[in-house]
Amino acid sequence: MSDSVQNVIDDSEQLQQLRARLAELDAERAQIHAQIDACMQHIAAVVIREVRPPSHQPLVHHILWILRSNRDFSLSPTDVAQHLGMTRRAQLENIRVHLSRMRAKGWIKRVGHGRYQAHAE
């Protein structure tokens with residue numbers, strides 16, 4: 001076998017090992033994220049009862065956090081978008097859709113035209 005063929009074989013084996021190691025690291029990273037989330041939820045339950053969800057959580061969790069953090073107020077989709085730092089029209093429409101679906105599922109309540117609140121606990 002020529003040296004160039006052997007180099008390709010060696011590089012292929014190393015590439016396979018590196019991909020396997022990357023998969024292991026991804027799995028470990030996911031476990032660590034879950035542990036971080038659990039710690040944050042525990043701290044929130046003890047200290048303030050509400051903590052901002054991690055950035056990788058779906059938008060619905062962030063919307064619910066905003067509404068729960070402002071229980072004494074009814075918020076519009078624009079208010080929620082401002083709290084989340086979302087300024088684009090498509091983002092605002094996405095928030096409107098989420099609020100409507102969350103209300104339909106009973107997760108939040110609509111208190112007026114385009115105004116929403118979290119349920120009292």
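Starting from 1, each residue takes its place in the sequence as its number. The structure displayed is predicted, hence computed values, not measured ones.
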Report the distance from atom CD of Gln16 to atom CZ of Arg21, rounding to the nearest 0.5 Å.
-> 15.5 Å
Hydrophobic cluster membership, Phe73 vs Leu84, 4.5 Å side-chain cutoff = yes
Could you check if a side-chain atom of Gln14 sits within less than 4.5 angstrom of a side-chain atom of Leu18, using non-hydrogen atoms only?
-> yes
Taking all non-hydrogen atoms of both residues into account, name the closest pair between Gln117 and Asp72 and its distance.
-> NE2-C, 3.9 Å
Check whether any side-chain N or O of Arg71 sits under 3.5 Å from a backbone N or O of His119 as a donor-acceptor pair, and report yes or no.
-> yes
Would you say Val60 and Trp107 make side-chain contact, with heavy atoms under 4.5 Å?
-> yes
Atom CD of Gln57 and atom NE2 of His62: how far apart are they, to the nearest 0.5 Å?
-> 6.5 Å
Will you find, in the side chains of Asn7 and Ser4, an N or O donor that is under 3.5 Å from an N or O acceptor?
-> no
What are the two closest non-hydrogen atoms of Ala118 and Ile108, and how far apart are they?
-> CA-CG2, 4.4 Å
In Å and rounded to the nearest 0.5 Å, what is the CH2 to CG distance from Trp65 to Leu59?
-> 13.0 Å
Rounded distance [0.5 Å steps], CD1 in Ile32 versus SG in Cys39 = 11.5 Å
What distance separates Tyr116 OH from Leu99 CG, expressed to the nearest 0.5 Å?
-> 5.5 Å
Residue pair Ile95 / Thr78, side-chain heavy-atom distance below 4.5 Å | no
Determine which pairs satisfy ring-ring contact (aromatic ring centres under 6.0 Å, His included) with at least one residue from residues 19-38, sequence neighbours left out, and list them in order.
-> His33-His56
Distance-only, no hydrogens or angles: does the Arg103 side chain make a donor-acceptor pair with backbone N or O of Lys109 under 3.5 Å?
-> no
Point-to-point distance, once rounded to the nearest 0.5 Å, from CG of Asp11 to CD of Gln6 | 10.0 Å
Can any side-chain N or O of Asp37 pair as donor or acceptor with the backbone N or O of Ala34 at less than 3.5 Å?
-> no
Tell me the side chain to side chain donor-acceptor pair (under 3.5 Å) pairs involving residues 88-100, sequence neighbours left out?
-> Glu93-Arg96, Asn94-His98
Quick one: closest heavy-atom pair of Pro77 and Gly114, and the distance?
-> CD-O, 3.4 Å
List the steps and the verdict of side-chain contact (heavy atoms from CB on, under 4.5 Å) for Leu25 and Arg29.
-> CA-CA 6 Å; Leu25 291 172; Arg29 188 172 195 261; over 6 Å; no
Is Met86 close to Leu92 at the side-chain level, that is, under 4.5 Å between some pair of heavy atoms?
-> no
